[in-house]
Protein chains: 2
Amino acid sequence: MRIGETAAAAGMTAKTLRFYEDRGLLPAADRAPNGYRDYAQETVSRLEFIRRGRTAGLTLAQIGDILSVRDIGLAPCVHVRDLLAQQLHDLDARIAELTALRATVAEFHDAAAAGDPAACDPERICSYL
Amino acid sequence: MRIGETAAAAGMTAKTLRFYEDRGLLPAADRAPNGYRDYAQETVSRLEFIRRGRTAGLTLAQIGDILSVRDIGLAPCVHVRDLLAQQLHDLDARIAELTALRATVAEFHDAAAAGDPAACDPERICSYL
DNA sequence: CTTAACCTTCCACTAAACTGGAAGGTCAAG
DNA sequence: CTTGACCTTCCAGTTTAGTGGAAGGTTAAG
């Protein structure tokens, strides 16, 4: 697959893939005889993993750490295991923060929904926003 | 409360509070006769809310939107309600992404933990990392 | 009455994660 | 055989969220 096709499959741009390669999140791609990057199908999964991590608020450096562990083939090394345990811990904390935030926003929403919607003219731009 | 004390209570720096004020996330603080900012106790909750949002990966602009709705006093306006519904939807999507990511990392971790930790000398820096 | 720890404003700088654009090569279609 | 849509490298600019530091005011403690 060429870079544009691969990027589109992962919902990214070709620029972003070159950037990720530069940052070490993607291994240097194979090259076609004409010099074009040639990606394997699995690259899309890798990119989707990166995207999930980004959406979750991880930095590219953190995602890179996780990927480098995966790339090693999951050697039974205490350091690798501990790194992953740390990542899990961080993710749990992040999920807890997000859940707390959701609860707070849900309270705001319920209070707003309790009011009479007819009290606000839908034709007019809301004067508050 | 002075700025440093308030910032410390929320786990931030005074610089960050001034920055948030500049960006409209904090209303302009009352001033003591000497010109120092004087914060109310509730400011800490507001800062904690901002911090939760940041940890969750929201931008300051998104957090500002939520806060401005809260500041209005939750008027029963369809637009306000819809904005909050959208925020809830976004938060749910983010929680789902994060949960999926956690599952993937947990798989890596379980595979790594299944190996024999004794196979790696804890004294040596892990050769893989 | 000076020192230290606060505070003030303002301006510049940083890091992360892209994004745009220039200058040029490749290749299938008309 | 040229046009258009790809691709290449390289370098510069943008946005977000701060951080650092200068230059100076305030106040409690020694």
Side-chain angles (χ1 to χ4, degrees), chain A residues 1-40 43-44 46-68 87 90 94 97-98 101, chain B residues 1-40 43-44 46-68 90 94 97 101:
Chain A
M1 297 169 90
R2 287 189 308 184
I3 195 170
E5 194 187 347
T6 312
M12 296 169 175
T13 68
K15 283 252 175 200
T16 302
L17 265 68
R18 290 190 200 100
F19 174 71
Y20 284 168
E21 179 180 309
D22 184 59
R23 292 305 179 87
L25 277 89
L26 287 181
D30 287 345
R31 297 293 179 132
N34 60 10
Y36 288 13
R37 286 175 182 79
D38 184 21
Y39 289 100
T43 303
V44 178
R46 193 181 181 92
L47 290 170
E48 281 164 354
F49 182 85
I50 296 173
R51 205 175 40 65
R52 278 206 301 279
R54 291 289 301 122
T55 304
L58 300 188
T59 65
L60 293 186
Q62 290 172 314
I63 296 167
D65 284 349
I66 299 175
L67 285 172
S68 73
Q87 296 275 9
D90 292 352
R94 198 174 286 271
E97 288 277 21
L98 201 44
L101 183 68
Chain B
M1 297 170 91
R2 288 191 306 186
I3 194 169
E5 194 187 347
T6 313
M12 297 170 174
T13 68
K15 283 251 176 202
T16 302
L17 265 68
R18 291 191 199 99
F19 175 71
Y20 286 168
E21 179 181 309
D22 184 59
R23 292 305 179 87
L25 277 89
L26 287 181
D30 288 344
R31 297 294 178 131
N34 59 10
Y36 288 14
R37 287 175 182 79
D38 183 21
Y39 289 100
T43 303
V44 178
R46 192 181 180 92
L47 289 170
E48 280 164 355
F49 182 84
I50 296 173
R51 204 178 38 65
R52 279 207 301 282
R54 291 288 302 123
T55 305
L58 300 188
T59 65
L60 292 186
Q62 290 173 313
I63 296 167
D65 284 349
I66 299 175
L67 285 173
S68 71
D90 292 352
R94 200 173 285 271
E97 287 276 19
L101 183 68

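Bear in mind the structure is a predicted one, so any value in this text is a computation, not a measurement. A note on names: the letters A, B, ... follow the listed sequences, proteins ahead of strands, and every chain is numbered from 1. Values below: every heavy atom of this structure, side chains too, minus hydrogens, waters and symmetry copies.
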Query raised in the report: For A:Leu17 and C:dA17, what is the distance between atoms CG and P respectively, to the nearest whole Å?
Result: 16 Å
Requested in this report: Nearest whole angstrom, please: distance from the P of C:dC13 to the CZ of B:Phe19.
Outcome: 17 Å
Query raised in the report: What's the CZ-P distance between A:Arg54 and D:dT16, to the nearest Å?
Result: 14 Å
Query raised in the report: Applying the side chain to side chain contact (heavy atoms under 4.5 Å, CB included) test to B:Leu17, which of B:Leu25, B:Ile50, B:Ile3, B:Asp22 qualifies?
Result: B:Ile3
Query raised in the report: For A:Ile50 and C:dC18, what is the distance between atoms CD1 and C1' respectively, to the nearest whole Å?
Result: 14 Å
Query - Spacing between A:Asp22 atom CG and C:dA16 atom C1', to the nearest angstrom - result: 13 Å
Report summary line: Taken to the nearest whole Å, CD/B:Gln62 to C1'/D:dT16 is 12 Å
Query raised in the report: Rounded to the nearest Å, what distance is computed from the CG atom of residue B:Asp65 to the P atom of nucleotide D:dT16?
Result: 13 Å
Requested in this report: Tell me which of B:Leu58 and B:Pro33 sits closer to the 5' end of DNA chain D, going by the nucleotide each one is nearest to.
Outcome: B:Leu58
Query raised in the report: Given D:dG18, C:dA17, D:dT16, which nucleotide is nearest the side-chain atoms of A:Leu60?
Result: C:dA17
Query - Rounded distance (Å) that lies between atom C1' of C:dC7 and atom CG of B:Asp30 - result: 16 Å
Query raised in the report: Is any side-chain N or O of A:Tyr20 closer than 4.0 Å to OP1 or OP2 of C:dA17?
Result: no
Report summary line: Taken in chain and number order and not counting sequence neighbours, the residues that satisfy salt bridge (charged side-chain N to carboxylate O under 4.0 Å, His left out) with A:Glu21 are A:Arg37
Query - Contact state string [nucleotides 4-14 of chain D, B base, S sugar-phosphate only, - no protein heavy atom under 4.0 Å] - result: --BSBBB----
**Report entry** B:Asp38: partners by side chain to side chain donor-acceptor pair (under 3.5 Å), with sequence neighbours left out
**Finding:** none
Report task. With sequence neighbours excluded, tell me which residues meet side chain to side chain donor-acceptor pair (under 3.5 Å) with A:Arg51. Result -> none
Query raised in the report: When you check the phosphate oxygens OP1 and OP2 of D:dT16, does a side-chain N or O of B:Arg23 lie under 4.0 Å from one of them?
Result: no
**Report entry** Below 4.0 Å: OP1/OP2 of C:dT19 and any side-chain N or O of A:Thr16
**Finding:** yes
Query raised in the report: Who are the side chain to side chain contact (heavy atoms under 4.5 Å, CB included) partners of A:Thr43, not counting sequence neighbours?
Result: A:Thr6, A:Leu26, A:Tyr39, A:Ala40, A:Leu47
Report task. Any chance you could measure B:Thr59, atom OG1, to B:Asp65, atom CG, to the nearest 0.5 Å? Result -> 7.5 Å
**Report entry** Contacts of type side chain to side chain donor-acceptor pair (under 3.5 Å), residue B:Arg46, not counting sequence neighbours
**Finding:** B:Asp71
